[in-house]
Amino acid sequence: MQPQSSLHDSSFGPSKLWLAAGFILAGIGTVLLGPILPILLHQWRLTDAQGGILISAKFLGAFLGGITVLPRLRLAILIGCALCCCGFGAFALSHSLAPAAVALFFGGLGLGQLIASTNILVGRRFRSHTGSALASLNTFWSLGAVLTGLLAAALLPRFGMRNPILSFAALFLVVGFGGLLNNTHSDSLASATAVSSAPTALPRFILLKFALFLFLYGGLETCLANWLTTYTIRFSDARFLDGQSALVLLWIALTIGRALSAAILRWLRESTLQRLGLACAAALIVALCFTGNTARISAICVLLGLSLAPFFPTTFALLIGNNPSAREAGAILAVSGLGAALFPWMMGVISTHTGSLRNAMAVPFALALGLLFLSFWRISSEADVAVAPLTQPTA
C-alpha cells in the first residue's frame, strides 16, 4: 500500500474554494483571445494567419507549462498564477504582434502549470467518482469562459482592453497567495483507503492514446472558442456585441453540460457519453457552415456546448483510472495545449489563403471525426474507469 505521507503529499494543496477561483480565472485566460480577436485584427491590421499566431503563442506556452508541472502540486499552482499575472499584464500593455505574442506565451506557460496541477490534484483527492469530481471542477473553468464573453461585451466598449486585462492579471496573484495560505489535505484522508498502489509508469500505447485524445480535443475546443466570434460577425447580421452571444452561449452550454455530466457519469460509462457527444459535435459543425442567421448560429452553439461538455472530464477520469504519475498526467494534459496552438493557427492560414473563414471550419469538423474514431481504439491493459466507486482494499 502507498505510504500515508506520500498520499498527503500527492493531494495536499489549496482548498476547494481557491481551486474553484483559480479555475474560473483559468477559463477566462484560456478563451480571452476569442472575444477580443476581431478588435485586435482591426486595430493592429492583422490577417487571420497573424491572428492565429497569437493563439498559437499562448497555447504553445500552455503546452510547455503542462509538461513541466512540478511534483509538488501546490507550488506548481502558485507558480502558474504568478506567470499568468506577468504574462497577461504584459499583454495588456502590448501594441503590436511580436510583444503581444511573447507576453501571451508566458501567460500560457502559467495556464499550463495551473490547469495541469489542479486537475491532477483533484483527480488524486477524489478516487471515488473521479469523472464526476473532474466534471464539477471543470464547470468552474467553463464558468470563467462564459464570463469572458460577457465581460468583453460589457467592459471593452467603455474601458478599452488595457485596464480590464490588467485587473484580470492582478487577480491571479490574489488567488495564488490565497490558495497558498489556505491549504488542505482533508480530502486525501477520505481517499487514502481507495488507493491501493503508488503511481507506476504507464504502457506506451496507453500514453499515446490519451495524448492523441487531448491533442485533438485541445485543437477542437480552441478552434471554436477563438474563431467563433469572428465567424459570427462575418457570416451573420451580428455586430461586435451581438457576435459575443454565440461564444457566450457555447460556454454557458459547456458549463451546464459539465454540471449535468457530473450527475450522468454516476450512471453511464465515460466512453459511451464521450462517443455520443463527439458524433453530435461533428454533425453540428457541418450545420454551422450552412447557416448565416444569428439566431440559428446561437442555437447550434448551445447544442455544440452540450455535446462537447463531457469530453474532457470523461477522458481525464479514464486517464486517472490508469494511476499515472504527476509527470505523465501533466505531459498528457500539456499535449492539449500543443493541439490548441496548431489547429487554430491552421484555421487562420486556410482562411487567409482561401478567402473564407467558413472553409476553415473543415479543421474542427475533421478533429471531431478523428476523436470519434479514436474513441473506439481499445487497449487490452487500459483500465476503463467504472462509474461505481473504486473497490477498497481489504485489511
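Hydrogens, waters and symmetry mates are skipped; everything else that's a heavy atom, side chains included, is used. Keep in mind the model is a prediction, meaning the values are calculated, not measured. Residue numbers count from 1 along this sequence.
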Inset, instruction - Output, in order, the C-alpha distance, side-chain angles, deciding distance and verdict of side-chain contact (heavy atoms from CB on, under 4.5 Å) for Val31 and Ile28. - result: CA-CA 6 Å; Val31 303; Ile28 295 174; 5.9 Å; no
Legend entry - Criterion side-chain contact (heavy atoms from CB on, under 4.5 Å) on Trp18 and Ile77, from CA distance to verdict: CA-CA 10 Å; Trp18 291 105; Ile77 290 173; over 6 Å; no
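When atom types are taken as modelled, the side chain of Thr230 and the backbone of Asn226 share no donor-acceptor pair closer than 3.5 angstrom. With hydrogens and angles ignored, the 3.5 Å screen pairs a side-chain donor or acceptor of Lys58 with a backbone N or O of Gly29. Between the Ser336 side chain and the Ile332 main chain, no donor and acceptor come within less than 3.5 Å of each other. Using modelled atom types, one side-chain atom of Ser117 and one backbone atom of Leu114 make a donor-acceptor pair closer than 3.5 Å. One N or O on the side chain of Trp227 and one on the backbone of Pro344 form a donor-acceptor pair closer than 3.5 Å.
Here the CD-CZ distance, from Gln50 to Arg45, works out to 12.5 Å after rounding to the nearest 0.5 Å. Atom-to-atom distance recorded for Leu155:CG and Arg158:CZ is 9.0 Å, nearest 0.5 angstrom. Between Ile115 atom CD1 and Phe23 atom CZ the span is 5.5 Å, to the nearest 0.5 Å. Going from atom CD of Gln113 over to atom CG of Leu78 covers 10.5 Å, rounded to the nearest 0.5 Å.
Tracing side-chain contacts under 4.5 Å through hydrophobic residues (I, L, V, M, F, W, Y), one never reaches Leu247 starting from Leu249; they form parts of separate clusters. The hydrophobic clustering, which links ILVMFWY residues whose side-chain heavy atoms are closer than 4.5 Å, places Leu216 and Trp345 together. Trp141 and Leu17 fall into different hydrophobic clusters, defined by Ile, Leu, Val, Met, Phe, Trp and Tyr side-chain heavy atoms under 4.5 Å apart, directly or through other members. Cluster membership for Met346 and Leu338, using ILVMFWY side-chain heavy atoms within less than 4.5 angstrom, is shared. Cluster membership check: Phe88 shares its hydrophobic cluster with Phe159, using side-chain heavy-atom separations under 4.5 Å among Ile, Leu, Val, Met, Phe, Trp and Tyr.
Contact of the Leu228 side chain with the Cys301 side chain is registered, since non-hydrogen atoms from C-beta on lie closer than 4.5 Å. For the pair Leu166/Leu93, a side-chain contact is recorded, criterion being any heavy-atom separation below 4.5 Å from C-beta on. Considering only heavy atoms from C-beta on, Gln274 comes within 4.5 Å of Phe213 through its side chain. Within the 4.5 Å cutoff, the side chain of Leu308 has heavy atoms near those of the Leu224 side chain. Side-chain contact between Leu357 and Phe235 is present, with heavy atoms from C-beta onward closer than 4.5 Å. In this structure, Thr30 and Leu111 have side chains that are in contact, with non-hydrogen atoms separated by less than 4.5 Å. Side-chain contact check for Trp251 versus Leu147: every heavy-atom pair is 4.5 Å or farther apart. Side-chain contact check for Leu46 versus Ile53: every heavy-atom pair is 4.5 Å or farther apart.
With sequence neighbours left out, the side chain to side chain contact (heavy atoms under 4.5 Å, CB included) criterion links Thr352 to Thr47, Asp48, Ala49. Contacts of Arg358 classified as side chain to side chain donor-acceptor pair (under 3.5 Å), with partners at least two apart in sequence or in another chain: Tyr231. Here Ser307 pairs with nothing under the side chain to side chain donor-acceptor pair (under 3.5 Å) rule; sequence neighbours left out.
Shown are Ile252, Leu250, Ile256; of these, the side chain to side chain contact (heavy atoms under 4.5 Å, CB included) with Val146 is made only by Ile252.
In this structure, Phe343 has its ring center under 6.0 Å from that of Phe215. Checked against the 6.0 Å centroid criterion, the rings of Phe91 and Phe106 do not qualify as a close aromatic pair.
Taking every heavy atom of both residues into account, Ser351 and Arg234 meet most closely at OG-NH1, 3.9 Å.
Aromatic ring pairs are classed by plane angle as parallel below 30°, tilted from 30° to 60° and perpendicular above 60°; the pair Phe172 and Phe168 is perpendicular.
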